[in-house]
Undergrad: 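Below is one structure. I have some questions about it.
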Number of protein chains: 2
Amino acid sequence: MKPKLTLKQIARELDVSVSTVSKALRDSAEISEETRQKIKAFAKLYNYKPNNIALSLKNRKTRTIGIVLPEIVHDFFATVIGGVEQVANKHGYNVIICLSNNSFDREVMNMEMLANGSTDGFILSVAKETQQKEDYHHLEEVINQGMPVVMFDRVVDEIVCDKVIIDDSEGAKKAVQHLIDLNCRKIGIITTVDYVSVGKLRTKGYIEALQKNGMQVDEENILKIEDMERSEEEIIDFIKKRELDGIFAVNEQFGASAVRGLKEKGLEVPKDAVVISFSDGELSKRFIPSLSTISQHGAEMGARAAELLIERLERPVEADERFKTEVIETSLIQRESTLRTKLTSV
Amino acid sequence: MKPKLTLKQIARELDVSVSTVSKALRDSAEISEETRQKIKAFAKLYNYKPNNIALSLKNRKTRTIGIVLPEIVHDFFATVIGGVEQVANKHGYNVIICLSNNSFDREVMNMEMLANGSTDGFILSVAKETQQKEDYHHLEEVINQGMPVVMFDRVVDEIVCDKVIIDDSEGAKKAVQHLIDLNCRKIGIITTVDYVSVGKLRTKGYIEALQKNGMQVDEENILKIEDMERSEEEIIDFIKKRELDGIFAVNEQFGASAVRGLKEKGLEVPKDAVVISFSDGELSKRFIPSLSTISQHGAEMGARAAELLIERLERPVEADERFKTEVIETSLIQRESTLRTKLTSV
DNA sequence: TTGTACGCGTTATCAT
DNA sequence: ATGATAACGCGTACAA
């Protein structure tokens with residue numbers, strides 16, 4: 001077992017000073033060609049790699065990005081991570097991931113932990129509980145310390161920082177309009193409780209789409225899920241009670257359960273009723289019928305968030321203090337769950 | 001914007017020496033009650049937190065675990081991360097995640113990056129390409145440097161280190177036996193190419209289960225998928241060509257596609273044919289019919305891997321050099337895709 | 001009871 | 001052309 005090689009060891013071995021070694025390895029013109037070659041050869045032979053921690057301490061930069069997420073068993077967040085990772089690596093950054101599990105306390109803990117020198121900045125989507133409590137002191141604190149933060153998806157309007165979002169309300173409108181165009185008359189929505197920002201926005205889009213088409217908004221057709229664990233039963237129950245010919249679900253899990261509810265009710269999808277959902281993941285693609293979705297382009301959001309963060313990190317000074325909110329275009333991906341001609345229904 | 005507080009600043013502010021501050025904050029008895037209180041009050045007021053990087057450099061420990069994964073848009077790996085995260089946090093460790101995207105080069109790069117001071121040890125599942133090339137020098141190197149490594153799921157037999165696996169072959173047998181118990185006579189398997197260790201083992205279990213029951217192994221009933229992207233078409237094609245009454249898929253995506261193939265062929269699941277798969281994720285649960293699975297208990301694997309790693313990190317000396325291979329029990333979760341009485345078939 | 005000195009690994013600056 | 005020194009932030013052995 002050979003512990004990692006340090007400059008000091010090389011210096012001792014080659015009988016030169018530490019600074020000579022450092023300079024030689026960085027190709028400083030100060031060092032004679034001869035010694036430089038000797039040192040570089042030695043370093044290469046024994047596979048010397050500078051210690052990141054020491055560099056971080058010296059440079060006061062870690063070249064590490066912290067991602068804080070509510071959950072990870074969720075294709076959307078997983079693809080976001082992929083996007084961040086890719087951009088980060090391209091720029092020589094590492095990625096630290098922490099999960100809040102939708103708990104406020106864990107979010108605070110994680111951010112404090114990472115803020116103490118582990119990361120140069122944050123990319124985060126806030127926990128459900130945080131949005132509920134509306135307590136954002138930990139975010140303010142981190143920003144106050146001069147660490148850039150980029151929020152995505154579940155963002156907090158009150159916090160001033162870069163943001164990457166999709167137009168949730170617009171995406172929802174697209175989805176509902178799609179259902180209306182298929183001649184749906186009684187459209188239900190399966191969404192989350194209102195304190196989840198994106199849930200609220202999608203509900204808003206749903207309502208606006210109905211109104212724009214001169215349709216009644218019936219509160220009874222709106223199901224707000226609080227607990228993911230028990231969502232399936234709740235959804236099936238809801239579907240069975242209501243007489244709906246079109247369902248808009250705010251995520252693919254809800255969409256899948258909606259289809260199940262419809263089937264149990266004896267309705268065929270897409271013939272008797274159609275279903276569309278947000279977040280285009282593995283489930284939507286492999287499901288039978290495959291689910292039409294509003295894609296959030298998670299990888300793209302992650303990539304964009306990483307770019308924004310790195311840009312800010314590498315900006316020479318804090319010259320530009322304007323913060324951007326980037327809106328990623330959603331797209332409607334039609335699959336089997338809404339695949340029918342207009343005439344089929346009515 | 002107030003930059004982070006350091007010991008030095010507190011010392012200057014309170015007109016004492018840095019070490020006095022350090023000791024006071026660590027409740028050293030050397031410091032008088034009075035100054036200790038004064039310093040602690042000040043630190044608390046301005047929310048002093050020691051800098052992790054400096055601590056890492058000093059202690060030559062980062063209290064960070066590096067996870068290297070082939071992919072993340074995959075419930076199995078996502079749940080593993082969850083398990084690691086939980087245990088790590090409990091012990092005050094951070095988690096850095098790097099994705100290899102199944103590329104050998106990226107795996108090597110990531111590990112080198114993390115090994116240069118960013119982590120104390122690794123938890124990893126090797127990339128497909130790495131298993132194909134059978135080039136493990138990067139693993140050996142890291143281990144040689146004295147960094148503990150715990151491999152899980154896709155492990156490498158040639159590398160000596162702690163491992164957390166499931167008995168893939170045994171799990172596959174369980175699955176196939178389940179199909180046989182349902183009176184299936186022509187059982188097919190949808191698996192991965194052989195160089196993926198777990199795929200190979202599951203194929204082995206499939207074959208052994210058939211043989212144990214005195215059934216013929218027909219190579220034509222074995223489909224080996226190379227490219228995940230094109231898997232769905234390949235699977236449907238395979239199913240249509242063969243006359244199978246039971247399908248064992250090595251992951252839930254393949255399982256879902258198998259059901260689709262059967263349906264397109266005009267067969268009903270589970271009435272005319274049954275399907276069971278490995279890896280119990282969101283897809284299996286929400287799918288229609290919900291998929292019977294062999295659960296790999298990802299969270300448990302992750303948790304166990306983290307425990308093994310932390311144990312080794314915190315062991316006083318390198319006294320115990322024996323390495324463990326922990327086998328997590330798989331369990332068969334029966335759902336709709338195999339829900340029928342023995343008599344239904346034949 | 002408090003302060004000084006040193007070291008973790010690196011680099012930048014300033015001698016020699 | 002090379003080396004010594006200081007500094008990044010912290011903790012600790014030792015000195016006062």
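Hydrogens, waters and symmetry mates are skipped; everything else that's a heavy atom, side chains included, is used. Note that the coordinates shown come from a computational prediction; the quantities given were computed from them, not determined experimentally. The chains referred to below are lettered A, B, ... by the order of the sequence lines, with proteins before strands, and numbering in each begins at 1.
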Undergrad: Looking at A:L57, A:I53, A:N51, which one forms a side chain to side chain contact (heavy atoms under 4.5 Å, CB included) with B:S56?
TA: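 So, applying the side chain to side chain contact (heavy atoms under 4.5 Å, CB included) to B:S56 and each of A:L57, A:I53, A:N51, only A:I53 qualifies.
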
Undergrad: Hey, is the side chain of A:S17 poking within less than 4.0 Å of OP1 or OP2 on D:dG3, counting only N and O atoms?
TA: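 So the side-chain polar atoms of A:S17 do come within 4.0 Å of the phosphate oxygens OP1 or OP2 of D:dG3, strictly under.
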
Undergrad: Can you tell me if A:S22 touches the phosphate of C:dT11, counting only side-chain N or O atoms and a distance under 4.0 Å to OP1 or OP2?
TA: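 Checking A:S22 against C:dT11: at least one side-chain N or O falls below 4.0 Å of OP1 or OP2.
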
Undergrad: Rounding to a whole Å, what distance do you find between B:L14:CG and C:dT1:P?
TA: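 About 18 Å, once rounded to whole Å.
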
Undergrad: Considering the options B:Q131, B:R154, B:K128, which one meets the side chain to side chain donor-acceptor pair (under 3.5 Å) requirement together with B:S197?
TA: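 In the set B:Q131, B:R154, B:K128, the residue that makes a side chain to side chain donor-acceptor pair (under 3.5 Å) with B:S197 is B:Q131.
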
Undergrad: Taking only residues two or more places apart in sequence, or in another chain, which ones meet B:E300 in a salt bridge (Lys or Arg N to Asp or Glu O under 4.0 Å)?
TA: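 In terms of salt bridge (Lys or Arg N to Asp or Glu O under 4.0 Å), with neighbours along the sequence ignored, B:E300 is linked to no residue.
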
Undergrad: Side chain to side chain contact (heavy atoms under 4.5 Å, CB included), that's the test. Do A:C98 and B:E85 meet it? Break it down for me.
TA: CA-CA 7 Å; A:C98 284; B:E85 239 260 342; 3.9 Å; yes

Undergrad: In whole Å, I'd like the distance from the NZ atom of A:K8 to the P atom of D:dT5.
TA: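 Answer to the nearest Å: 14 Å.
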
Undergrad: Please give, in whole Å, the distance from C:dA12 P to A:L7 CG?
TA: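 After rounding, the reported distance stands at 12 Å.
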
Undergrad: Measure across A:V18 and A:L7 and return the closest heavy-atom pair with its distance rounded to 0.1 Å.
TA: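 Heavy atoms of A:V18 and A:L7 come nearest at CG1-CB, 3.9 Å.
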
Undergrad: Measure from CD on A:E30 to P on D:dA4 and round the result to the nearest Å.
TA: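 One finds 15 Å between P of D:dA4 and CD of A:E30, rounded.
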
Undergrad: Just how far, in rounded Å, is C1' of D:dT2 from CG of A:D15?
TA: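 In whole Å, D:dT2 C1' and A:D15 CG are 12 Å from each other.
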
Undergrad: Under 4.0 Å from OP1 or OP2 of C:dG9: is there any side-chain N or O of A:K4 that close?
TA: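 For A:K4, the contact criterion (side-chain N or O under 4.0 Å from OP1 or OP2 of C:dG9) is not met.
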
Undergrad: Please collect all ring pair (Phe, Tyr, Trp, His ring centres under 6.0 Å) contacts where either partner lies in residues 3-26 of chain B, sequence neighbours excluded, each pair once.
TA: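 For residues 3-26 of chain B, and leaving out neighbouring residues, there are no ring pair (Phe, Tyr, Trp, His ring centres under 6.0 Å) pairs at all.
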
Undergrad: Taking A:D120 for its side chain and A:R63 for its backbone only, find out whether a donor-acceptor pair lies under 3.5 Å.
TA: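 Looks like yes, one N/O pair under 3.5 Å.
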
Undergrad: Under 4.0 Å between any heavy atoms, over every strand shown, what does B:V18 touch: base, sugar-phosphate, or nothing? Just pick one.
TA: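 The answer is nothing, as B:V18 stays clear of every strand by at least 4.0 Å.
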
Undergrad: For D:dA1, does either OP1 or OP2 sit under 4.0 Å from a side-chain N or O belonging to A:S32?
TA: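 Negative; the distance criterion is not met.
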
Undergrad: For A:R36 and D:dA1, is the shortest distance between a side-chain N/O and OP1 or OP2 below 4.0 Å?
TA: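 It does not, given that no N or O in the side chain of A:R36 lies less than 4.0 Å from OP1 or OP2 of D:dA1.
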
Undergrad: What is the separation between atom CG on A:L25 and atom P on C:dG9, rounded to the nearest whole Å?
TA: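 Distance, rounded to whole Å: 16 Å.
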
Undergrad: Let's see if you get this right: which residues in residues 39-66 of chain B place a heavy atom under 4.0 Å from DNA chain C?
TA: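 Per residue number, the list reads B:L57, B:K58, B:R60.
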
Undergrad: Using a 4.0 Å heavy-atom cut-off, does B:T6 contact any base of the nucleic acid, only the sugar-phosphate backbone, or nothing at all?
TA: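 Touches sugar-phosphate only.
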
Undergrad: Respond yes when some side-chain nitrogen or oxygen of A:R26 is under 4.0 Å from OP1 or OP2 of C:dT10, and no when none is.
TA: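 Answer no for this pair, as no side-chain N or O of A:R26 is under 4.0 Å from OP1 or OP2.
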
Undergrad: Calculate the interatomic distance between B:K23 atom NZ and D:dT12 atom P; express it in whole Å.
TA: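 Nearest whole value for this atom pair: 10 Å.
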
Undergrad: Are any of A:T35's side-chain N or O atoms less than 4.0 Å away from OP1 or OP2 of D:dT2?
TA: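 Yes, such a contact exists.
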
